[in-house]
Protein chains: 2
Amino acid sequence: MSSEIRRSMPLLSISIVMQLTDLTARQIRYYEEHDLIQPHRTEGNRRMFSLNDVDILLEIKDMLEQGINMAGIKKVFDMKNDPAIQQASKEVISDSDLRKILREEMRQAQRMQKTSLRQGDLSRFYQ
Amino acid sequence: MSSEIRRSMPLLSISIVMQLTDLTARQIRYYEEHDLIQPHRTEGNRRMFSLNDVDILLEIKDMLEQGINMAGIKKVFDMKNDPAIQQASKEVISDSDLRKILREEMRQAQRMQKTSLRQGDLSRFYQ
DNA sequence: ATTATATGTTAGAAAAACTGACATACAGTG
DNA sequence: CACTGTATGTCAGTTTTTCTAACATATAAT
């Protein structure tokens, strides 16, 4: 999809992403360390972020504020990328893991709603 | 207009603008020197460009390739910003200046067409 | 032949970003 | 209560990026 290509263009330096997300450089790098984002690198090894990355960072921020930890956030993103898990089909996640995630999601249900809204926050920056 | 605000947000470093426009840093700074763009500055004095700036740079590039010089480009932008000149009304530009510009525009008419298209080139980067 | 224009190149300085290490607040657990 | 793990702060030393200013140069205009 060409719109994916656009939104995934690595145009933004870390300082701009800090402003856009209100996260510290430390936090952004930490989330990368945990594989939640994979910013592009320049020849000189500087991180370059796409608008997609910024969206993801805003989601991470919201979920953290809701008390979900890295592991939980990772699972949530995994679920997004693989709808199969929603059918509880061939997923490689243990039953206890799955129950844990679902329980968490239940408990945070209303606030998750707020998260979904928050996701759209960045739309004002492109188009 | 809020869409103006979006497109005028200074998000891009000069190296990214170089990639996007295929201009050198020297060229970009030279055009700024001639007041064709006014990039924002960080606290540390680094230039930060908006998508609008990039569009303008692409227009400058096209016009230069068509043989229009800085002065001509300046006038073209002035005309854009002040539609009054199109009516040849209260403009502060001398008659000879005006004739010169118009002659230039005539001669480059077909290619100016191409320029207008070129302006839209960047649309693929936002939305 | 001279001048002006647009751009290249270089040097030295300053800002921004990187990694890695150590510090710490807070939550959860035995 | 002491202990541990998690997410983040902070600092040091280094590298990359960007800045200005100056000088060089090719091409076009006079």
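Hydrogens, waters and symmetry mates are skipped; everything else that's a heavy atom, side chains included, is used.
Counting only heavy atoms from C-beta outward, the side chains of Thr21(A) and Gln27(A) never approach each other to under 4.5 Å. Contact of the Glu33(B) side chain with the Ile28(B) side chain is not registered, since no non-hydrogen atoms from C-beta on lie closer than 4.5 Å.
Ile73(B) pairs by the side chain to side chain contact (heavy atoms under 4.5 Å, CB included) definition with Leu36(B), Ile60(B), Met63(B), Leu64(B), Ile68(B), Met70(B), Phe77(B), not counting sequence neighbours. The salt bridge (charged side-chain N to carboxylate O under 4.0 Å, His left out) search around Arg41(B) returns Glu32(B), not counting sequence neighbours. Every salt bridge (charged side-chain N to carboxylate O under 4.0 Å, His left out) that Asp22(A) has, sequence neighbours left out, goes to Lys61(A).
In 5' to 3' order, the nucleotides of DNA chain C bounding all contacts with chain B (an atom under 4.0 Å from a heavy atom) are dT5(C) to dA16(C).
Per the geometry, CG belonging to Leu36(A) stands 12 Å off C1' belonging to dA7(D), to the nearest Å. If you measure from atom CE of Met70(A) to atom P of dA7(D), you get 5 Å, rounded to the nearest angstrom. In this entry the distance linking CD1 of Ile60(A) with P of dA7(D) reads 11 Å, nearest Å.
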Treat primed atoms plus P, OP1 and OP2 as sugar-phosphate and everything else as base, then score nucleotides 12-30 of chain D 5' to 3': B for base contact with protein heavy atoms under 4.0 Å, S for sugar-phosphate contact only, - for none. ---BBBBBB----------
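Screening residues 32-70 of chain A for ring-ring contact (aromatic ring centres under 6.0 Å, His included) gives Tyr30(A)-His34(A) as the qualifying pairs, with residues at least two apart or on separate chains.
Of the side-chain N and O atoms in Tyr30(A), none sit less than 4.0 angstrom from OP1 or OP2 of dT6(D).
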Check step by step if side chain to side chain contact (heavy atoms under 4.5 Å, CB included) holds for Leu12(B) and Leu12(A). CA-CA 6 Å; Leu12(B) 310 174; Leu12(A) 310 174; 4.2 Å; yes
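Environment of CD in Gln38(A): crowded, with over 12 heavy atoms of neighbouring residues, nucleotides or ligands closer than 6.0 Å.
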